[in-house]
Amino acid sequence: MSVKIIPVIMAGGKGTRLWPLSRAEAPKQFLQFLGDFSLFQRTLQRVSDPALYEPAIIVTNADFRFIVAEQARSVDAELGAILLEPIARNTAPALAAAAFAILRDHGDGAIMQVLASDHEIDADTTYFDCIRLARETADAGKLVTFGIRPTEAATGYGYIETGDSLDSGAHKVARFIEKPNQQRAEELVADSRYLWNSGMFMLPVSQFLGEILRHAPGVYDAAQRAVQAAKHDLDFIRLDEETFSQAPDISVDYAVFEKTADAAVVPSGFRWSDLGSWDSVWAVGDKDADGNVLGEKVTVNNTRNSLVLSRDIHIAVQGLSEVAVIASEDAVYIGPLSESQNVGQIVKRLGASKSTSILTQTHPTSYRPWGSVASVLAGKRFEVKKLRVRPGASISLQKHHHRAEHWIVVRGTAEIIIDGQTRLLHENQSVDIPQGAVHRLSNPGKIPLELIEVQTGSYLGDDDIIRLDDDFGRT
(Lines give C-alpha, C1' and ligand atoms only; values in the text may rest on other atoms or scores of the structure.)
Protein backbone atom coordinates (compact mmCIF):
# COMPACT_ATOMS: atom_id res chain seq x y z
CA MET A 1 0.00 0.00 0.00
CA SER A 2 1.58 3.26 -1.12
CA VAL A 3 -0.77 5.50 0.87
CA LYS A 4 -1.31 4.84 4.56
CA ILE A 5 -4.68 4.96 6.29
CA ILE A 6 -5.45 8.09 8.32
CA PRO A 7 -7.41 7.18 11.48
CA VAL A 8 -10.13 9.58 12.61
CA ILE A 9 -11.14 8.85 16.20
CA MET A 10 -14.41 10.31 17.49
CA ALA A 11 -13.83 11.17 21.16
CA GLY A 12 -16.27 13.95 22.00
CA GLY A 13 -19.29 12.00 23.18
CA LYS A 14 -20.79 12.64 26.60
CA GLY A 15 -22.83 9.89 28.19
CA THR A 16 -23.96 8.30 31.42
CA ARG A 17 -25.00 4.80 30.32
CA LEU A 18 -22.19 3.37 32.46
CA TRP A 19 -23.05 5.47 35.51
CA PRO A 20 -21.68 5.91 38.16
CA LEU A 21 -18.27 5.57 36.46
CA SER A 22 -19.27 7.36 33.25
CA ARG A 23 -20.61 10.91 33.63
CA ALA A 24 -21.26 13.88 31.40
CA GLU A 25 -17.85 15.43 32.11
CA ALA A 26 -16.04 12.08 32.47
CA PRO A 27 -17.41 9.78 29.73
CA LYS A 28 -16.59 6.11 29.35
CA GLN A 29 -13.96 6.49 26.61
CA PHE A 30 -11.51 8.03 29.11
CA LEU A 31 -12.12 5.63 32.02
CA GLN A 32 -9.95 2.68 33.01
CA PHE A 33 -12.54 0.21 34.23
CA LEU A 34 -11.31 -2.93 32.41
CA GLY A 35 -7.53 -3.32 32.32
CA ASP A 36 -4.71 -0.81 32.48
CA PHE A 37 -5.81 1.48 29.65
CA SER A 38 -8.89 3.51 28.81
CA LEU A 39 -11.03 2.62 25.79
CA PHE A 40 -9.63 5.71 24.05
CA GLN A 41 -6.07 4.58 24.70
CA ARG A 42 -6.83 1.08 23.41
CA THR A 43 -8.28 2.66 20.27
CA LEU A 44 -5.03 4.57 19.79
CA GLN A 45 -3.07 1.34 20.23
CA ARG A 46 -5.09 -0.36 17.47
CA VAL A 47 -3.94 2.29 14.98
CA SER A 48 -0.31 2.42 16.12
CA ASP A 49 1.29 0.33 13.32
CA PRO A 50 3.35 2.88 11.32
CA ALA A 51 3.41 0.54 8.32
CA LEU A 52 -0.38 0.74 8.04
CA TYR A 53 -1.38 4.07 9.61
CA GLU A 54 -0.54 7.75 9.64
CA PRO A 55 -0.82 9.50 13.05
CA ALA A 56 -4.44 9.69 14.17
CA ILE A 57 -6.73 12.71 14.01
CA ILE A 58 -8.90 13.11 17.11
CA VAL A 59 -12.27 14.88 16.93
CA THR A 60 -13.41 16.01 20.37
CA ASN A 61 -14.58 19.13 22.21
CA ALA A 62 -12.81 21.78 24.25
CA ASP A 63 -13.80 20.19 27.58
CA PHE A 64 -11.87 17.00 26.77
CA ARG A 65 -8.88 18.50 24.96
CA PHE A 66 -6.36 18.10 27.76
CA ILE A 67 -7.36 14.57 28.77
CA VAL A 68 -7.14 13.55 25.09
CA ALA A 69 -3.63 14.96 24.87
CA GLU A 70 -2.55 13.47 28.21
CA GLN A 71 -3.91 9.98 27.53
CA ALA A 72 -2.29 9.95 24.09
CA ARG A 73 1.01 11.07 25.61
CA SER A 74 0.89 8.36 28.26
CA VAL A 75 0.76 5.59 25.63
CA ASP A 76 3.33 7.32 23.36
CA ALA A 77 0.76 7.86 20.61
CA GLU A 78 1.76 10.42 18.00
CA LEU A 79 -1.26 12.46 16.90
CA GLY A 80 -1.77 14.15 13.56
CA ALA A 81 -4.21 16.72 14.95
CA ILE A 82 -6.80 17.32 17.66
CA LEU A 83 -9.86 18.99 16.13
CA LEU A 84 -12.12 20.76 18.63
CA GLU A 85 -15.83 20.99 17.84
CA PRO A 86 -17.20 24.28 19.20
CA ILE A 87 -20.72 22.81 19.35
CA ALA A 88 -22.12 19.29 18.99
CA ARG A 89 -23.50 18.75 15.50
CA ASN A 90 -23.58 14.91 15.23
CA THR A 91 -21.28 12.73 13.13
CA ALA A 92 -21.81 14.07 9.61
CA PRO A 93 -20.41 17.60 10.24
CA ALA A 94 -17.64 16.22 12.47
CA LEU A 95 -16.47 13.72 9.84
CA ALA A 96 -16.81 16.27 7.05
CA ALA A 97 -14.54 18.65 8.98
CA ALA A 98 -12.00 15.87 9.53
CA ALA A 99 -12.15 14.99 5.83
CA PHE A 100 -11.50 18.61 4.79
CA ALA A 101 -8.51 18.77 7.17
CA ILE A 102 -7.16 15.52 5.69
CA LEU A 103 -7.72 16.72 2.12
CA ARG A 104 -5.77 19.89 2.89
CA ASP A 105 -2.85 18.05 4.48
CA HIS A 106 -2.73 14.76 2.53
CA GLY A 107 -4.32 15.38 -0.87
CA ASP A 108 -6.93 13.66 -3.03
CA GLY A 109 -5.80 10.05 -2.62
CA ALA A 110 -6.20 9.88 1.15
CA ILE A 111 -8.17 7.11 2.86
CA MET A 112 -9.62 7.73 6.34
CA GLN A 113 -10.76 5.10 8.83
CA VAL A 114 -13.42 6.32 11.26
CA LEU A 115 -13.37 4.77 14.73
CA ALA A 116 -15.36 5.36 17.88
CA SER A 117 -13.21 5.94 20.96
CA ASP A 118 -15.47 3.95 23.29
CA HIS A 119 -15.79 0.53 21.62
CA GLU A 120 -14.25 -2.67 22.92
CA ILE A 121 -12.62 -4.63 20.07
CA ASP A 122 -10.52 -7.76 19.98
CA ALA A 123 -7.84 -6.59 17.51
CA ASP A 124 -6.80 -10.07 16.35
CA THR A 125 -5.90 -11.39 12.90
CA THR A 126 -9.55 -11.41 11.88
CA TYR A 127 -9.84 -7.72 12.75
CA PHE A 128 -6.86 -6.65 10.65
CA ASP A 129 -7.99 -8.87 7.77
CA CYS A 130 -11.24 -6.86 7.81
CA ILE A 131 -9.29 -3.60 7.90
CA ARG A 132 -7.29 -4.58 4.83
CA LEU A 133 -10.42 -5.74 2.97
CA ALA A 134 -12.15 -2.45 3.80
CA ARG A 135 -9.09 -0.54 2.60
CA GLU A 136 -9.08 -2.43 -0.70
CA THR A 137 -12.81 -1.79 -1.14
CA ALA A 138 -12.39 1.93 -0.38
CA ASP A 139 -9.56 2.11 -2.90
CA ALA A 140 -12.04 0.81 -5.46
CA GLY A 141 -14.31 3.79 -4.84
CA LYS A 142 -16.70 2.54 -2.18
CA LEU A 143 -17.76 4.12 1.11
CA VAL A 144 -17.27 1.20 3.46
CA THR A 145 -18.91 0.38 6.77
CA PHE A 146 -18.10 -2.54 9.04
CA GLY A 147 -21.01 -4.89 9.76
CA ILE A 148 -20.59 -7.10 12.82
CA ARG A 149 -21.92 -10.65 12.65
CA PRO A 150 -24.64 -10.79 15.35
CA THR A 151 -24.14 -13.03 18.36
CA GLU A 152 -27.58 -12.32 19.86
CA ALA A 153 -30.90 -10.68 19.05
CA ALA A 154 -29.78 -7.26 20.25
CA THR A 155 -32.25 -4.37 20.16
CA GLY A 156 -29.65 -1.70 20.97
CA TYR A 157 -28.01 -1.72 17.52
CA GLY A 158 -29.09 -0.79 14.03
CA TYR A 159 -28.75 -3.49 11.37
CA ILE A 160 -27.42 -3.64 7.81
CA GLU A 161 -28.83 -5.88 5.11
CA THR A 162 -26.05 -7.13 2.83
CA GLY A 163 -26.53 -7.05 -0.92
CA ASP A 164 -24.56 -8.46 -3.84
CA SER A 165 -20.93 -9.44 -3.41
CA LEU A 166 -18.22 -7.12 -4.77
CA ASP A 167 -14.92 -8.13 -6.39
CA SER A 168 -13.01 -7.34 -3.19
CA GLY A 169 -15.10 -9.74 -1.13
CA ALA A 170 -17.13 -7.00 0.54
CA HIS A 171 -20.83 -6.54 -0.23
CA LYS A 172 -23.06 -3.79 -1.44
CA VAL A 173 -25.36 -2.35 1.23
CA ALA A 174 -28.96 -3.28 0.44
CA ARG A 175 -30.44 -1.12 3.23
CA PHE A 176 -30.02 0.13 6.78
CA ILE A 177 -32.53 -0.88 9.47
CA GLU A 178 -33.31 1.15 12.59
CA LYS A 179 -32.96 -0.42 16.03
CA PRO A 180 -35.63 -3.18 16.05
CA ASN A 181 -37.93 -4.49 18.75
CA GLN A 182 -37.18 -7.90 20.25
CA GLN A 183 -39.30 -9.94 17.81
CA ARG A 184 -37.85 -8.18 14.77
CA ALA A 185 -34.30 -8.55 16.14
CA GLU A 186 -34.80 -12.31 16.46
CA GLU A 187 -35.97 -12.45 12.84
CA LEU A 188 -32.96 -10.49 11.64
CA VAL A 189 -30.43 -12.58 13.55
CA ALA A 190 -31.92 -15.77 12.09
CA ASP A 191 -31.13 -14.46 8.58
CA SER A 192 -27.41 -14.44 7.69
CA ARG A 193 -27.87 -11.40 5.42
CA TYR A 194 -28.19 -9.06 8.41
CA LEU A 195 -25.31 -7.55 10.39
CA TRP A 196 -25.01 -5.10 13.27
CA ASN A 197 -24.17 -1.56 12.24
CA SER A 198 -20.91 -0.83 14.09
CA GLY A 199 -20.58 2.87 13.21
CA MET A 200 -17.02 2.32 11.91
CA PHE A 201 -16.09 3.31 8.36
CA MET A 202 -13.32 3.26 5.75
CA LEU A 203 -13.71 6.22 3.40
CA PRO A 204 -11.91 7.59 0.32
CA VAL A 205 -11.77 11.22 1.43
CA SER A 206 -12.43 13.01 -1.86
CA GLN A 207 -15.33 10.73 -2.78
CA PHE A 208 -16.79 10.99 0.73
CA LEU A 209 -16.80 14.78 0.47
CA GLY A 210 -18.35 14.53 -2.98
CA GLU A 211 -21.21 12.44 -1.58
CA ILE A 212 -21.72 14.94 1.26
CA LEU A 213 -21.89 17.77 -1.28
CA ARG A 214 -24.48 15.80 -3.27
CA HIS A 215 -26.69 14.64 -0.40
CA ALA A 216 -26.03 17.15 2.42
CA PRO A 217 -24.73 20.42 0.93
CA GLY A 218 -25.38 22.32 4.17
CA VAL A 219 -23.01 20.00 6.00
CA TYR A 220 -20.39 20.34 3.25
CA ASP A 221 -20.48 24.15 3.22
CA ALA A 222 -20.41 24.61 7.01
CA ALA A 223 -17.62 22.07 7.56
CA GLN A 224 -15.46 23.47 4.76
CA ARG A 225 -15.74 27.03 6.05
CA ALA A 226 -15.18 25.93 9.67
CA VAL A 227 -11.88 24.28 8.69
CA GLN A 228 -10.80 27.25 6.56
CA ALA A 229 -11.43 29.64 9.47
CA ALA A 230 -10.05 27.32 12.17
CA LYS A 231 -7.60 28.69 14.73
CA HIS A 232 -4.57 26.92 16.19
CA ASP A 233 -4.49 26.88 20.01
CA LEU A 234 -1.38 25.21 21.46
CA ASP A 235 -1.58 21.63 20.11
CA PHE A 236 -5.26 21.93 19.17
CA ILE A 237 -7.22 23.15 16.15
CA ARG A 238 -10.41 25.00 17.04
CA LEU A 239 -13.02 24.79 14.29
CA ASP A 240 -14.70 28.12 13.68
CA GLU A 241 -17.82 28.32 15.84
CA GLU A 242 -19.88 30.71 13.74
CA THR A 243 -19.63 28.61 10.57
CA PHE A 244 -19.64 25.13 12.18
CA SER A 245 -22.81 25.93 14.15
CA GLN A 246 -24.64 26.45 10.84
CA ALA A 247 -24.24 22.77 9.93
CA PRO A 248 -27.36 20.60 10.21
CA ASP A 249 -27.42 18.32 13.26
CA ILE A 250 -27.38 14.99 11.40
CA SER A 251 -25.60 11.64 11.54
CA VAL A 252 -23.42 10.42 8.70
CA ASP A 253 -25.75 7.43 8.30
CA TYR A 254 -28.74 9.67 7.51
CA ALA A 255 -26.77 12.31 5.61
CA VAL A 256 -24.79 10.00 3.32
CA PHE A 257 -24.88 6.24 3.81
CA GLU A 258 -28.63 5.78 3.44
CA LYS A 259 -28.60 7.84 0.23
CA THR A 260 -25.40 7.00 -1.60
CA ALA A 261 -25.24 4.34 -4.30
CA ASP A 262 -21.64 3.57 -3.32
CA ALA A 263 -22.12 2.14 0.19
CA ALA A 264 -20.40 -1.17 0.88
CA VAL A 265 -20.16 -3.36 3.97
CA VAL A 266 -17.43 -5.69 5.20
CA PRO A 267 -18.99 -8.60 7.16
CA SER A 268 -16.82 -8.74 10.28
CA GLY A 269 -16.40 -11.64 12.67
CA PHE A 270 -14.09 -10.05 15.24
CA ARG A 271 -15.29 -9.52 18.80
CA TRP A 272 -16.90 -6.10 19.14
CA SER A 273 -19.05 -4.24 21.65
CA ASP A 274 -20.07 -0.61 22.01
CA LEU A 275 -20.15 -1.16 25.80
CA GLY A 276 -23.48 0.59 25.98
CA SER A 277 -24.58 -0.98 29.27
CA TRP A 278 -23.18 -2.82 32.27
CA ASP A 279 -24.36 -6.19 30.97
CA SER A 280 -22.27 -5.63 27.81
CA VAL A 281 -19.24 -4.89 30.01
CA TRP A 282 -19.88 -8.17 31.83
CA ALA A 283 -20.20 -9.99 28.49
CA VAL A 284 -16.71 -8.96 27.27
CA GLY A 285 -14.92 -9.14 30.63
CA ASP A 286 -12.61 -11.91 31.89
CA LYS A 287 -14.72 -14.17 34.08
CA ASP A 288 -13.81 -16.31 37.08
CA ALA A 289 -14.98 -19.91 37.58
CA ASP A 290 -18.40 -18.66 38.73
CA GLY A 291 -18.90 -16.37 35.76
CA ASN A 292 -18.11 -13.16 37.64
CA VAL A 293 -16.25 -10.17 36.24
CA LEU A 294 -14.50 -8.54 39.19
CA GLY A 295 -12.46 -5.45 39.85
CA GLU A 296 -9.35 -5.37 42.03
CA LYS A 297 -11.01 -4.02 45.20
CA VAL A 298 -13.66 -6.72 45.35
CA THR A 299 -14.40 -9.83 47.43
CA VAL A 300 -17.32 -12.13 46.59
CA ASN A 301 -18.76 -15.28 48.13
CA ASN A 302 -21.48 -17.53 46.74
CA THR A 303 -21.94 -15.01 43.92
CA ARG A 304 -22.38 -15.95 40.27
CA ASN A 305 -22.58 -14.37 36.83
CA SER A 306 -22.17 -10.87 38.24
CA LEU A 307 -20.21 -7.71 37.53
CA VAL A 308 -18.59 -6.07 40.58
CA LEU A 309 -16.29 -3.08 40.03
CA SER A 310 -14.89 -0.47 42.41
CA ARG A 311 -12.62 2.54 41.96
CA ASP A 312 -11.67 3.24 45.56
CA ILE A 313 -13.57 1.49 48.34
CA HIS A 314 -13.51 -2.27 48.85
CA ILE A 315 -16.77 -4.00 47.87
CA ALA A 316 -17.92 -7.34 49.35
CA VAL A 317 -20.85 -9.19 47.76
CA GLN A 318 -22.53 -12.21 49.37
CA GLY A 319 -25.05 -14.64 47.87
CA LEU A 320 -26.16 -12.77 44.74
CA SER A 321 -26.47 -13.78 41.09
CA GLU A 322 -26.63 -11.82 37.84
CA VAL A 323 -26.21 -8.41 39.44
CA ALA A 324 -24.15 -5.32 38.70
CA VAL A 325 -22.48 -3.61 41.67
CA ILE A 326 -20.49 -0.57 40.55
CA ALA A 327 -18.77 1.77 43.01
CA SER A 328 -17.12 5.08 42.18
CA GLU A 329 -15.56 7.56 44.58
CA ASP A 330 -18.91 9.06 45.59
CA ALA A 331 -21.72 6.76 44.45
CA VAL A 332 -22.69 3.08 44.19
CA TYR A 333 -25.06 1.47 41.68
CA ILE A 334 -26.70 -1.91 42.42
CA GLY A 335 -29.13 -3.65 40.10
CA PRO A 336 -29.85 -6.79 38.08
CA LEU A 337 -27.64 -7.15 35.00
CA SER A 338 -30.83 -7.61 33.00
CA GLU A 339 -31.87 -4.07 34.03
CA SER A 340 -28.61 -2.47 32.85
CA GLN A 341 -30.26 -0.80 29.87
CA ASN A 342 -32.36 1.23 32.33
CA VAL A 343 -29.52 2.95 34.18
CA GLY A 344 -30.54 6.13 32.38
CA GLN A 345 -33.75 6.22 34.40
CA ILE A 346 -31.77 6.41 37.65
CA VAL A 347 -29.50 9.07 36.16
CA LYS A 348 -32.54 11.10 35.11
CA ARG A 349 -33.92 11.00 38.64
CA LEU A 350 -30.57 11.99 40.12
CA GLY A 351 -30.27 14.86 37.66
CA ALA A 352 -33.70 16.18 38.57
CA SER A 353 -32.69 16.84 42.17
CA LYS A 354 -30.47 19.79 43.06
CA SER A 355 -28.81 17.77 45.82
CA THR A 356 -27.77 14.88 43.54
CA SER A 357 -27.45 16.39 40.04
CA ILE A 358 -23.69 16.83 40.49
CA LEU A 359 -23.40 13.02 40.61
CA THR A 360 -24.47 12.85 36.96
CA GLN A 361 -21.99 15.49 35.78
CA THR A 362 -18.54 14.99 37.21
CA HIS A 363 -16.35 12.91 39.53
CA PRO A 364 -14.52 14.12 42.62
CA THR A 365 -11.40 13.53 40.50
CA SER A 366 -11.09 15.89 37.55
CA TYR A 367 -8.33 16.24 34.98
CA ARG A 368 -6.23 19.30 34.27
CA PRO A 369 -3.66 19.87 31.52
CA TRP A 370 -0.94 19.47 34.14
CA GLY A 371 -2.37 16.37 35.89
CA SER A 372 -5.41 15.81 38.10
CA VAL A 373 -7.10 17.02 41.28
CA ALA A 374 -9.37 15.02 43.56
CA SER A 375 -11.61 16.33 46.32
CA VAL A 376 -10.98 14.30 49.49
CA LEU A 377 -13.00 16.15 52.13
CA ALA A 378 -15.01 19.36 52.18
CA GLY A 379 -16.77 21.36 54.88
CA LYS A 380 -17.68 24.89 55.83
CA ARG A 381 -14.70 27.19 55.01
CA PHE A 382 -12.31 24.32 54.16
CA GLU A 383 -11.58 21.68 51.52
CA VAL A 384 -8.90 18.99 51.27
CA LYS A 385 -7.70 17.95 47.82
CA LYS A 386 -5.13 15.56 46.36
CA LEU A 387 -3.10 17.01 43.48
CA ARG A 388 -1.12 14.99 40.97
CA VAL A 389 1.28 16.91 38.70
CA ARG A 390 2.92 15.11 35.79
CA PRO A 391 6.71 15.40 35.31
CA GLY A 392 7.76 18.71 33.76
CA ALA A 393 4.33 20.32 34.21
CA SER A 394 3.27 23.43 36.13
CA ILE A 395 0.02 24.90 37.35
CA SER A 396 -0.64 28.51 36.40
CA LEU A 397 1.01 31.44 38.16
CA GLN A 398 -1.96 32.52 40.26
CA LYS A 399 -3.39 34.11 43.37
CA HIS A 400 -6.61 33.92 45.40
CA HIS A 401 -8.53 36.78 47.00
CA HIS A 402 -10.56 34.68 49.44
CA ARG A 403 -8.52 31.67 50.52
CA ALA A 404 -5.17 30.48 51.81
CA GLU A 405 -3.62 27.10 50.98
CA HIS A 406 -1.31 24.63 52.68
CA TRP A 407 0.63 22.10 50.57
CA ILE A 408 2.13 18.84 51.87
CA VAL A 409 4.32 16.79 49.52
CA VAL A 410 3.43 13.10 49.58
CA ARG A 411 5.54 11.84 46.68
CA GLY A 412 8.13 13.42 44.42
CA THR A 413 9.69 16.89 44.44
CA ALA A 414 7.83 20.19 44.21
CA GLU A 415 9.23 23.49 42.95
CA ILE A 416 7.19 26.30 44.49
CA ILE A 417 7.22 30.01 43.76
CA ILE A 418 5.66 32.32 46.38
CA ASP A 419 5.80 36.06 45.72
CA GLY A 420 8.89 35.68 43.54
CA GLN A 421 10.80 33.38 45.93
CA THR A 422 11.54 29.83 44.72
CA ARG A 423 12.04 26.80 46.93
CA LEU A 424 12.12 23.00 46.58
CA LEU A 425 10.00 20.74 48.75
CA HIS A 426 10.58 17.01 49.15
CA GLU A 427 8.43 14.23 50.59
CA ASN A 428 6.91 15.02 54.02
CA GLN A 429 7.71 18.73 53.72
CA SER A 430 5.05 21.44 53.60
CA VAL A 431 4.50 25.12 52.89
CA ASP A 432 1.82 27.77 53.52
CA ILE A 433 0.42 29.94 50.70
CA PRO A 434 -1.03 33.10 52.29
CA GLN A 435 -4.22 34.63 50.96
CA GLY A 436 -3.36 36.95 48.07
CA ALA A 437 0.16 35.54 47.53
CA VAL A 438 1.25 35.05 43.90
CA HIS A 439 2.29 31.41 43.60
CA ARG A 440 3.05 28.55 41.26
CA LEU A 441 3.60 24.81 41.65
CA SER A 442 5.83 22.80 39.29
CA ASN A 443 7.13 19.24 39.07
CA PRO A 444 10.84 19.35 38.12
CA GLY A 445 11.28 15.61 38.65
CA LYS A 446 10.89 12.48 36.53
CA ILE A 447 8.07 10.89 38.53
CA PRO A 448 4.55 12.23 39.17
CA LEU A 449 4.34 14.74 42.02
CA GLU A 450 1.59 14.02 44.56
CA LEU A 451 0.62 16.41 47.32
CA ILE A 452 -2.22 17.23 49.67
CA GLU A 453 -3.72 20.71 49.43
CA VAL A 454 -5.72 22.14 52.32
CA GLN A 455 -7.78 25.20 51.38
CA THR A 456 -9.26 27.50 54.04
CA GLY A 457 -11.18 30.71 53.60
CA SER A 458 -14.49 32.44 53.13
CA TYR A 459 -14.90 31.30 49.51
CA LEU A 460 -13.28 28.29 47.81
CA GLY A 461 -14.75 28.31 44.28
CA ASP A 462 -12.55 27.86 41.21
CA ASP A 463 -13.54 31.31 39.98
CA ASP A 464 -11.32 32.70 42.76
CA ILE A 465 -8.28 31.48 40.77
CA ILE A 466 -6.72 34.62 39.29
CA ARG A 467 -4.32 33.37 36.59
CA LEU A 468 -1.41 35.68 35.84
CA ASP A 469 0.47 33.34 33.51
CA ASP A 470 -0.43 29.89 32.19
CA ASP A 471 1.44 27.39 30.01
CA PHE A 472 -1.85 26.20 28.54
CA GLY A 473 -3.36 29.56 27.56
CA ARG A 474 -6.12 29.51 30.19
CA THR A 475 -7.42 32.75 31.69
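Just so it is clear, the model here is predicted, and its values are computed rather than measured. Side-chain atoms are counted along with the backbone in the values below, which use heavy atoms only and exclude waters and symmetry mates. Along the sequence shown, residues carry numbers from 1.
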Query - More than 12 heavy atoms of other groups within 6.0 Å of Asp36 CG - result: no
Report task. Please indicate whether Arg214 has more than 12 foreign heavy atoms, meaning atoms of other residues, nucleotides or ligands, lying under 6.0 Å from its CZ. Result -> no
Query raised in the report: Can you find a side-chain donor-acceptor pair between Ser38 and Gln71 that sits under 3.5 Å?
Result: yes
Query - Enclosure of Tyr127 OH (heavy-atom neighbours >12, cutoff 6.0 Å) - result: yes
Report task. Taking atom CD of Gln183 as the centre, report whether more than 12 heavy atoms of other residues, nucleotides or ligands fall under 6.0 Å from it. Result -> no
**Report entry** Short side-chain to backbone donor-acceptor contact, Gln29 and Leu39, under 3.5 Å
**Finding:** no
Requested in this report: Decide whether Arg225 and Gln246 meet the rule of one side-chain donor and one side-chain acceptor closer than 3.5 Å.
Outcome: yes
Query raised in the report: Do the charged groups of Arg403 and Glu405 touch, with an N to O distance under 4.0 Å?
Result: yes
**Report entry** Ionic contact status for Arg193 with Glu161, cut-off 4.0 Å
**Finding:** yes
Query raised in the report: Does the distance from a Lys or Arg side-chain N to an Asp or Glu carboxylate O, for Lys386 and Glu453, drop under 4.0 Å?
Result: no
**Report entry** Residue pair Val144 / Leu203: nearest heavy atoms and the distance that separates them
**Finding:** N-CD2, 4.1 Å
Report task. Give a yes or no on whether the backbone of Leu359 and the side-chain of Trp19 come within a donor-acceptor separation of less than 3.5 Å. Result -> yes
Query raised in the report: Listed by chain and number, what are the ring pair (Phe, Tyr, Trp, His ring centres under 6.0 Å) partners of His439, not counting sequence neighbours?
Result: His400, Trp407
Query raised in the report: Checking Ser22 side chain against Lys28 main chain: does a donor-acceptor pair fall under 3.5 Å?
Result: yes
Query raised in the report: Is a side-chain N or O of Asn443 found less than 3.5 angstrom from the main chain of Ala393, in a donor-acceptor match?
Result: no
Requested in this report: Please determine if Lys172 and Asp262 form a salt bridge, counting it only when a charged side-chain N lies under 4.0 Å from a carboxylate O.
Outcome: no
Query raised in the report: Side chains of Asp253 and Ser251: donor-acceptor distance under 3.5 Å anywhere?
Result: no
Report task. Output yes when a side-chain donor or acceptor of Thr260 lies under 3.5 Å from a complementary backbone atom of Val256, and no otherwise. Result -> no
Query raised in the report: Can you tell me if CG on Asn181 sees more than 12 non-hydrogen neighbours from other groups inside 6.0 Å?
Result: yes
Report task. Report yes or no: do Thr243 and Asp240 form a side-chain donor-acceptor pair below 3.5 Å? Result -> yes
Query raised in the report: CD of Gln361: more than 12 outside heavy atoms within 6.0 angstrom?
Result: yes
Report task. May I ask you to decide if Gln182's main-chain N or O and Thr155's side chain share a donor-acceptor pair within less than 3.5 Å? Result -> no
Requested in this report: Please identify each residue that fulfils ring pair (Phe, Tyr, Trp, His ring centres under 6.0 Å) with Phe30, with sequence neighbours left out.
Outcome: Phe40, Phe64
**Report entry** Sequence neighbours excluded - ring-ring contact (aromatic ring centres under 6.0 Å, His included) pairs with any residue from residues 233-252
**Finding:** Phe66-Phe236
Name every donor-acceptor pair, under 3.5 Å, that has one atom in a side chain of residues 86-105 and the other anywhere in the protein, sequence neighbours excluded.
unit_1: Arg89; atom_1: NE; unit_2: Ser245; atom_2: O; d: 3.3
unit_1: Arg89; atom_1: NE; unit_2: Ala247; atom_2: O; d: 2.9
unit_1: Arg89; atom_1: NH2; unit_2: Ser245; atom_2: O; d: 3.0
unit_1: Asn90; atom_1: ND2; unit_2: Asp249; atom_2: OD1; d: 3.4
unit_1: Thr91; atom_1: OG1; unit_2: Val252; atom_2: N; d: 2.8

Query raised in the report: Do we see a donor-acceptor contact under 3.5 Å between the side chains of Glu25 and Ser366?
Result: no
Query raised in the report: Is there a donor-acceptor pair under 3.5 Å between the side chain of Glu211 and the backbone N or O of Gln207?
Result: no
Requested in this report: Would you check if the side chain of Asn61 reaches a backbone N or O of Glu85 as a donor-acceptor pair within less than 3.5 Å?
Outcome: no
Report task. Using a strict 4.0 Å threshold on nitrogen-to-oxygen distance, state whether Asp330 and Arg23 make a salt bridge. Result -> yes
Query raised in the report: Looking at residues at least two apart in the chain, or sitting in another chain, which of them share a ring pair (Phe, Tyr, Trp, His ring centres under 6.0 Å) with His119?
Result: Trp272
Requested in this report: For Tyr159 and Trp196, test the side chains for any donor-to-acceptor distance below 3.5 angstrom and give the result as yes or no.
Outcome: yes
Query raised in the report: Ser394 and Ser442: side-chain donor and acceptor closer than 3.5 Å?
Result: yes
Query - Qualifying salt bridge (charged side-chain N to carboxylate O under 4.0 Å, His left out) pairs with a residue from residues 344-373, counting only residues at least two apart or across chains - result: Arg368-Asp462
Query raised in the report: Are the aromatic ring centres of Phe257 and Phe201 under 6.0 angstrom apart?
Result: yes
